[in-house]
2 protein chains.
Amino acid sequence: MGRMPSFDAPVVVTAARDLFWDRGFEAASLADLERVTGLGRSSLYHAFGSKRGLFDAAVADYLETVIRPRLRPLLAESAGRAALLEYYGGLSLAVASLPADSPRRGCLLVNCAAGLAGHDDLARKVVDDYRSELTAALRHALAGAAAETTPGTDAATAVLEERARTLASLSMSVMLLARVNRDESLALLATAAAQVRSWHP
Amino acid sequence: MGRMPSFDAPVVVTAARDLFWDRGFEAASLADLERVTGLGRSSLYHAFGSKRGLFDAAVADYLETVIRPRLRPLLAESAGRAALLEYYGGLSLAVASLPADSPRRGCLLVNCAAGLAGHDDLARKVVDDYRSELTAALRHALAGAAAETTPGTDAATAVLEERARTLASLSMSVMLLARVNRDESLALLATAAAQVRSWHP
DNA sequence: TATATGCTGGATCGAACGGTACACAAAAAC
DNA sequence: GTTTTTGTGTACCGTTCGATCCAGCATATA
């Protein structure tokens, strides 16, 4: 009973997500959101309640369609050295192939860490959960790699933790630099891959 | 000829700098700037021309009074292992001692990288110059450390470059995380110091 | 077809935004 | 003391912000 929405919700969220990705939460205006989604204010507010509601939906979409597909191979049972190197390869391809004016440069959540998360506890938690998830995925693949290259010896968990933390931080810096200096971002990705190779030759 | 300013310019710039540091360029309103500086709009515009002019002055002050004093020891003739470890020690102290609601958490320029620098070429250049300066300082101290621990052998420049890039990236991540998860930020600083120790035992 | 329900377009809201105009006050120059 | 130059306070500019309201329309249910 009642009229059906004339838009496709996932498409709208994706369009909004790319705008937030590019501009950040505050700098993305409702006029911009109307433009990129093709929806009027009424529909936007009816469907998402507020600008923040739309942003939250965009973040959820970002995690599910951008972040997790990238991390999934690192979490596979068999993940190890090769999965790590493919992770960096895929990231390099993405950074290198994006046009300079693409809205999808860097990472929505890394940008969020420097912006919203400074004063919004909810946003801070989302960003920290992302960091945690990224670190866990890298840790898992590092453990697998250690089992491959030095079979039989359990890697010291302290070493594993430090390496995972290091790689996660390098990934975040890569995303930060992607908006500032693409060549440096790519060089950093190469450095991260080289680090993995030196740990697991 | 003419009236003297009734304010101390460096004090005003410092106050504005701390606000920009905390909120970022766009989220710091003129009303906020009036409040923290104690000056009226007229005086602000008369002295700095625009909000952006004040921001640029704040960035210059930030580089000169916050960044460069920290990097200077790394650039000393004698800089090496000890200088690097002291650099991380100082950073740890700063991150650990700042109250959770301090405006001076993280790094103004790292925040800028995720915000303004995305669409402002001038800001992008300032941020990239900062990255370059940070990397150069770390590279210099790493070269010194290599000369200390393995005297006589010139360190391979490629290795030096990768290590400098890694440490610079870790520093930027530390600043990013300082606004999100202080404990993780400190853990990352400890990891960076441990990395230096493992390279130069 | 009648009705109930929910989507949509457009107008509009009050608040906040960055920026400006101008009269006045104060101090240096003469 | 007069003049000249410059800083300051106040009021206000037009624009944009996120958000809301409401009339009208489309459609699933009965």
Going by heavy atoms closer than 4.0 Å, what residues in residues 24-37 of chain A are next to DNA chain D?
Ala28(A), Ser29(A), Leu30(A)
Can you check the [X] [atom1] to [N] [atom2] distance for me, whole Å?
X        : N       : atom1 : atom2 : value
Phe20(A) : dG18(D) : CZ    : C1'   : 12 Å
Phe48(A) : dT8(C)  : CZ    : P     : 11 Å
Phe7(B)  : dA26(C) : CZ    : P     : 17 Å
Lys51(B) : dT20(C) : NZ    : P     : 14 Å

Are side-chain N/O atoms of Ser132(B) and Asp129(B) paired as donor and acceptor at under 3.5 Å?
no
Does a donor on one side chain and an acceptor on the other come within less than 3.5 Å for Thr191(B) and Thr166(A)?
no
dG19(C), dC21(D), dG9(D): which one has an atom nearest the side-chain heavy atoms of Tyr45(B)?
dG19(C)
Out of dG18(D), dT20(C), dG10(C), whichever nucleotide has its closest atom nearest the side chain of Arg41(A)
dG18(D)
Give a yes or no on whether a salt bridge exists between Asp120(B) and Arg52(B), defined as a side-chain N under 4.0 angstrom from a carboxylate O.
yes
No-H, no-angle donor-acceptor pair, Ser42(A) side chain to dT20(D) base, under 3.5 Å:
no
Among Arg68(A), Arg139(A), Arg70(A), which residue satisfies the salt bridge (Lys or Arg N to Asp or Glu O under 4.0 Å) criterion with Glu133(A)?
Arg68(A)
Have a look at Arg17(B) and tell me which of Asp61(B), Leu54(B), Val36(B), Asp22(B) forms a side chain to side chain contact (heavy atoms under 4.5 Å, CB included) with it.
Asp61(B)
Most 5' of Ser50(A) and Gly38(B) on DNA chain D, judged by nearest nucleotide:
Gly38(B)
Minimal heavy-atom distance between Ala83(A) and Leu74(A), with the atoms involved, is O-CD2, 3.7 Å
